[in-house]
Amino acid sequence: MYTIATIDRDGIEIPHPVTNFLQEYRSDTLSMERERQVASLVCQFLNFVREMTLSGDIDFSELTDQGLFGLNFIHGSLFLDYQDNLINKRGDRVKRETVDRKEYILTSFYSFFQKQGIISRDLTIPTYRNEKGQEANASPFKRKRSNEQKEPVRKGLRDFGENRQQILVEFIDTARSMKWGRTIALGLATQAFGGLRRGEVVNLTTSSVMKIGKSLVVNIDDRQSHLFAHKKNTAKEEVKKKRPQDLLPSEYLINLYREHLAWLNSFSKEVKPLVKDALFINRFGRPLTGKGYEKMFKRIVDKYLKVLLAQERYDDYTYLTSKPFNTHTLRGVFTNICLDDLGMNIRETANARGDADDTTVAEYLDQLTAKQKMERAIGQLAQAVVNAEASKEFIEKMKMKELK
């Protein structure tokens, strides 16, 4: 876990009580990277407040005497305006959704401060009912940028649609056809056939995969210190939940596994692997990182989309480009195979995904249920049109009787 600290004049780091906010914000599903982002935002905000106070800014003048007890919504609003105007590494203004996420955290931070009696209870943080019917805090801040046309944060693609199984096999076969894409073809399959996360895939070793009958079982564990000891930041190699994971029985998957082991054995003779038992390695023989996995994934996506266009399969192309397509999409495909194709219930699917609770899977089921209701309604409407056509003659006869 992370700790927030102050640095005194002698350079000594002293843990700060505001770290308690991280404990309140923390949950079983919060990743270390997400916690780091939250801690970083708190530090950015408090440092901003400190600098503005020391500079004599009139909006922060009360804090000179009152300290954090004088915090008001205007201070959070000015901080968010400052964040909105920052320039990223590419020389572009930071994305609105990036600051939207910071605004969400800052709202929770103010709520925490108020519960602790640090800021005035007279400040009213508005609330609303979220889609689950639960009361949640709304942002109390005013941002200049919010007056512009606001683009909604786009959630990633969660499925391949009705044609999911064919697209899945074609997508993996596209990876197999590429020189370096084939290095992660098995990884893609573990995500789509077992719901593994990106970090769980790159943490696999040769001994963590076992063939039992017609199925593969993977032992998911945190092997960062073993595989990625050479890395300082392993945020993209995190493992959320250690567990044995059964993959869907498939001869196709077994063949992929054998093919990968054959390639790995052959390639290991050309390069000297940094870690001998790493299941996925890059072209230099180092364990494949989460970033390297993502980079190769994007290349495979680009090639497969070109294949769909060449085949004039515009419906599939449109579906796959309707939302951001990332490695987590394959976990969504696995979820929909379980719910839609195999008819598994929420709890069974959550267990198969390695989820701590049923919440996320329930969202998938809600989407499928809504879709099925729509399809049923369309079918009923079509039948209604047929029935209406059959009744036309009768209606016309009734009209004639009325005229007489």
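With hydrogens and angles ignored, the 3.5 Å screen pairs no side-chain donor or acceptor of Q166 with any backbone N or O of N163. Judged by distance alone, the side chain of T64 and the main-chain N or O of S61 form a donor-acceptor pair under 3.5 Å. In terms of modelled atom types and a separation under 3.5 Å, the side chain of K115 and the main chain of G117 share no donor-acceptor contact. Side chain of R198 to main chain of E294: no donor-acceptor pair is present (N/O by atom type, distance under 3.5 Å, no hydrogens or angles). A donor-acceptor pair under 3.5 Å links the side-chain atoms of N203 to the main chain of E237, judged by distance alone. Looking at D81, its side chain does come within 3.5 Å of a backbone N or O of K144 through a donor-acceptor pair. The backbone N or O of G195 lies less than 3.5 Å from a partner atom in the side chain of R331, making a donor-acceptor pair. Side-chain atoms of N345 come within 3.5 Å of backbone N or O of R347 as a donor-acceptor pair. In this structure, S55 contributes its side chain and M52 its backbone to a donor-acceptor pair below 3.5 Å. Of the possible polar contacts, none joining the N336 side chain to the D340 backbone as a donor-acceptor pair under 3.5 Å is found.
Annotation for Q311: atom CD counts as buried by contact number, over 12 foreign heavy atoms lying within 6.0 Å. Residue-environment remark: NZ (K276) stays at or below the threshold of 12 foreign heavy atoms within 6.0 Å.
In this structure, OG1 on T329 lies 4.5 Å from CG on L157, to the nearest 0.5 angstrom.
For the salt bridge (Lys or Arg N to Asp or Glu O under 4.0 Å) test with D84, the passing option among K95, K102, R96, R143 is R143; the others fail. Screening L188, T183, N282 for a side-chain contact (heavy atoms from CB on, under 4.5 Å) involving Y293 leaves a single residue, L188. Each of L63, I119, L46 was evaluated against L68; a single residue qualifies, L46, per the side-chain contact (heavy atoms from CB on, under 4.5 Å) test.
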Problem - Stepwise side-chain contact (heavy atoms from CB on, under 4.5 Å) check, H260 with F280 - result: CA-CA 9 Å; H260 181 81; F280 299 101; 3.7 Å; yes
*Derivation of the side-chain contact (heavy atoms from CB on, under 4.5 Å) call for Y104 and L41*: CA-CA 11 Å; Y104 175 80; L41 186 278; over 6 Å; no
Intermediate values then yes/no, side-chain hydrogen bond (donor to acceptor under 3.5 Å, both in side chains), E103 and T107:
CA-CA 6 Å; E103 183 175 12; T107 299; 5.5 Å; no
Worksheet item: Passes side-chain contact (heavy atoms from CB on, under 4.5 Å), D159 versus V333? Steps please.
Response: CA-CA 5 Å; D159 194 15; V333 172; 4.3 Å; yes
Margin query: Using side-chain contact (heavy atoms from CB on, under 4.5 Å), reason through L308 and Y319 one step at a time and then give a plain yes or no.
Written below: CA-CA 11 Å; L308 290 178; Y319 188 95; over 6 Å; no
Quiz prompt | Residues E170, R313; criterion salt bridge (Lys or Arg N to Asp or Glu O under 4.0 Å); working and verdict | solution = CA-CA 13 Å; E170 290 175 346; R313 290 165 57 185; 3.0 Å; yes
| request: Check the pair D173, R176 against salt bridge (Lys or Arg N to Asp or Glu O under 4.0 Å), reporting the backbone distance first and the verdict last. | output: CA-CA 5 Å; D173 283 347; R176 295 167 73 187; 2.9 Å; yes
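Nearest heavy-atom pair across Y2 and E35 is N-OE2, 3.0 Å. Shown here for V38 and F21, the closest heavy-atom pair between the two residues is CG1-CE2, 3.7 Å. Taking each heavy atom of Y110 and N72 in turn, the nearest pair found is OH-O, 2.7 Å. Looking at every heavy atom in both residues, L204 comes nearest to L227 through O-CD1, 4.1 Å. In terms of heavy-atom proximity, T289 sits nearest to K231 at CG2-CD, 3.7 Å. A pairwise comparison of heavy atoms in P15 and T3 identifies CB-CG2, 4.1 Å as the closest pair.
Aromatic rings of Y304 and F325 (six-membered ring for Trp) have centroids beyond the 6.0 Å cut-off, not under it. Taking the six-membered ring where the residue is Trp, the centroids of F171 and F297 are separated by under 6.0 Å. In summary, the aromatic rings of F45 and H75 are positioned with their centroids too far apart to meet the 6.0 Å limit.
Under the 3.5 Å distance criterion, with hydrogens and angles disregarded, no donor-acceptor pair is assigned to the side chains of T234 and E238.
Between W263 and F267, the two ring planes are parallel [angle under 30°; tilted spans 30° to 60°]. By the 30° and 60° cut-offs, the orientation of the rings of F60 relative to F48 is perpendicular.
A search for side-chain hydrogen bond (donor to acceptor under 3.5 Å, both in side chains) contacts involving R50 returns nothing, not counting sequence neighbours. Shown here are the side-chain hydrogen bond (donor to acceptor under 3.5 Å, both in side chains) partners of Q245, two or more places apart in sequence or in another chain: R243.
Residues in residues 53-65 take part in no salt bridge (charged side-chain N to carboxylate O under 4.0 Å, His left out) pair, two or more places apart or across chains.
Proximity of H226 to P287: side-chain heavy atoms (C-beta onward) are nowhere separated by under 4.5 Å. L342 has its side chain within reach of L248: a pair of non-hydrogen atoms, C-beta onward, lies under 4.5 Å apart.
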